[in-house]
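Just below is one structure, and these are the notes that go with it.
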Amino acid sequence: MQLPDAESMLHTLVEQMRPNMSANTALVGIHTGGVWLAERLHAALGLSQPLGCIDVSFYRDDYGSKGLHPQPQRSGIPFDVDGTPIVIVDDVLYTGRTTRAALNELFDYGRPSRVDLAVLVDRGGRELPITARYCAHLMTEPLDCAKNLQLERDDSGQLELRLIDA
Amino acid sequence: MRNPQLNGHGELQHLLSLDGLPKSVLTAILDTAEPFTEVAEREVKKLPLLRGKSVFNVFFENSTRTRTTFEIAAKRLSADVINLNVATSSTKKGETLLDTVDNLCAMQADMFVVRHESSGAPYLIADHLHNTARHHIHVVNAGDGRHAHPTQGLLDMFTIRHYKKEFHNLVVAIVGDVLHSRVARSQIAALTTLGVPEVRVIAPKTLLPTDVERMGVRVFHDMQAGLKDVDVVMMLRLQNERMNGALLPSPQEFFKVWGLTAEKLAEARADAIVMHPGPMNRGVEIDSAVADGGQAVILPQVTFGIAVRMAVMSMLAGS
């Protein structure tokens, strides 16, 4: 199937977010695709707060059945979370479980004044009451649940969506 | 033969010894430990991985530091931690090791952190859990006799990698009482597996096991020669409480010949790091000027030890 173009969706997302960015809005990308996306958004929006990143491996709700995710990455929030408006950035919104884990992790750093979610693609299939405030593309046809939709980045830094076997 | 440390999927089921674990598993533990170091910098130093799990620290031999760091690690993973000082309880009343284990299993234990004065005791427990089909319960060896202290070996490897980045270009010297040291055995196993090309041991003949060369190390009986151009100096504690008989003249005499002083350390590379598993005997195996000096990474070892133990426990409990 034809997947939407990541670079043009990125442009759409920037325009959706721009009117709502305040002086101290901070972005937190979720490893790995979300961090790539957040880096691009951070530059395009010209935000002054440094970029944060989160790996939700330690907060996943399937640890009991699947064990620890291999090769977890270091999380890093280089700004004071207390009182800061934060936008969590991920490439694809699906079940909502990753977002739930990211929220839990974020609140272990402090109490943000508000938290929004920005994604390139909402592929449906939600299992939790979570929605994205900023979303560049909503998929209306359900994807095969055996497939992972994820962002990839080539050597020149260009982003592209790929559908791969889970 | 079944490797008692790995389950059917090749995942870590128990951590009993670094000897017999492949490089891929050691590297996976070190890689997993890395992001856990960041948790110590947070406002809330807690992760939910072991929520609802009960970790029993079962110490048949006294220890303060190791027990405490395991306790902190388990608590930062949200486990319930129960400390049993068995040295002063049931075994004194005649209960066998496996009866103690069965009783703790009946209290819904999920993990045992075991220290025992007999080499092999954690293996016996792991074997017993296997034979009684209690595969959901995990064992971590926190030091057994003269045999192994795997989490100490791992935190030492983590420390070396942190400061030296790679293993394949290092010369590492282990100095002191190798004979009585389970730490040294774990270090040698890990350094060899991770590809350190030259591992030296520096000690008097009386404090070396007879077959030490077979562990793949170069033996030195002279500090100056042994420390020449090394990248890492790993001091061992002189095991006063394990000394039976006249292996040594006196602690003062030992310090004069085998104690690490700034003068002897000058033989090592200028950027060499100095490690010690603690507790230190200042003025016996190490001079205070070195222990508190710029090349010592002894306190970072302690901090890294928490992250490494968090990694081990969360890999075990998820397998």
Side-chain angles (χ1 to χ4, degrees), chain A residues 26 28-35 38 49-84 86 88 95-113 115 128 166, chain B residues 6-13 15 24-54 73-79 110-111 135-136 138 158 161-162 304 306-319:
Chain A
V28 173
I30 299 177
H31 273 293
T32 310
V35 174
Q49 291 268 32
L51 184 63
C53 60
I54 272 182
D55 183 316
V56 299
S57 296
F58 299 153
Y59 290 80
R60 292 175 64 100
D61 60 10
D62 56 4
Y63 167 75
S65 56
K66 289 188 179 169
L68 193 60
H69 202 259
Q71 299 191 315
Q73 302 293 307
R74 178 185 263 266
S75 295
I77 306 292
F79 54 84
D80 188 5
V81 167
D82 281 323
T84 303
I86 291 175
I88 293 176
T95 63
R97 289 175 191 270
T98 301
T99 311
R100 195 282 311 171
L103 280 168
N104 278 32
E105 177 157 4
L106 199 54
F107 277 74
D108 281 351
Y109 288 89
R111 183 180 184 274
S113 64
V115 182
L128 291 172
Chain B
L6 303 177
N7 67 15
H9 307 289
E11 299 165 330
L12 208 56
Q13 167 79 8
L15 181 67
S24 59
V25 171
L26 296 188
T27 305
I29 297 171
L30 300 183
D31 290 346
T32 304
E34 215 287 321
F36 280 108
T37 59
E38 185 269 335
V39 177
E41 296 156 24
R42 296 187 191 180
E43 178 132 342
V44 179
K45 297 173 183 50
K46 220 147 179 93
L47 299 172
L49 290 172
L50 264 62
R51 207 157 59 93
K53 306 278 188 199
S54 299
K75 284 183 170 169
R76 288 198 181 156
L77 293 169
S78 308
D110 295 290
M111 192 179 295
H135 303 295
H136 61 288
H138 307 276
F158 188 89
R161 196 173 75 164
H162 179 84
F304 292 150
I306 295 170
V308 167
R309 289 177 175 120
M310 288 171 79
V312 167
M313 288 189 191
S314 49
M315 286 170 81
L316 290 177
S319 73

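Owing to the predicted nature of the structure, the values given are computational and were not obtained by experimental measurement. Reminder, nothing fancy here: chain letters follow the sequence lines and each chain counts from 1.
Every salt bridge (charged side-chain N to carboxylate O under 4.0 Å, His left out) that A/Arg74 has, sequence neighbours left out, goes to B/Glu34.
Under a cut-off of 6.0 angstrom, the local environment of CD in B/Glu41 is crowded, with over 12 non-hydrogen atoms contributed by other residues, nucleotides or ligands.
Taking CG of A/Leu68 as the start and CD of B/Glu11 as the end, the distance is 10.5 Å to the nearest 0.5 Å. Between the CD atom of B/Glu38 and the CZ atom of A/Phe58 there is a distance of 9.0 Å, given to the nearest 0.5 Å.
Residues B/Pro48 and A/Tyr63 have side chains not in contact (no heavy-atom distance under 4.5 Å, counting atoms from C-beta outward). Between B/Pro35 and A/Asp55, the closest side-chain pair of non-hydrogen atoms is not below 4.5 Å.
A salt bridge is absent between A/Arg111 and B/Glu43; no separation between the charged side-chain nitrogens and carboxylate oxygens falls under 4.0 Å.
Contact count against chain B (heavy-atom pairs under 4.5 Å) is highest for A/Gln73 among A/Gln71, A/Gln73, A/Lys66. Of the residues considered (B/Leu47, B/Leu77, B/Thr37, B/Leu316), B/Leu47 shows the highest number of contacts with chain A, using heavy-atom pairs under 4.5 Å.
Using a 4.5 Å cut-off between heavy atoms, A/Ser65 makes no contact with chain B at all. For chain A, the nearby part of B/Lys46 is the backbone; its heavy atoms alone come within less than 4.5 Å.
Smallest separation of non-hydrogen atoms from A/Pro72 and B/Thr32: CG-CG2, 4.0 Å.
The main-chain N or O of B/Val44 is never found under 3.5 Å from a side-chain atom of A/Tyr109 such that the two would form a donor-acceptor pair.
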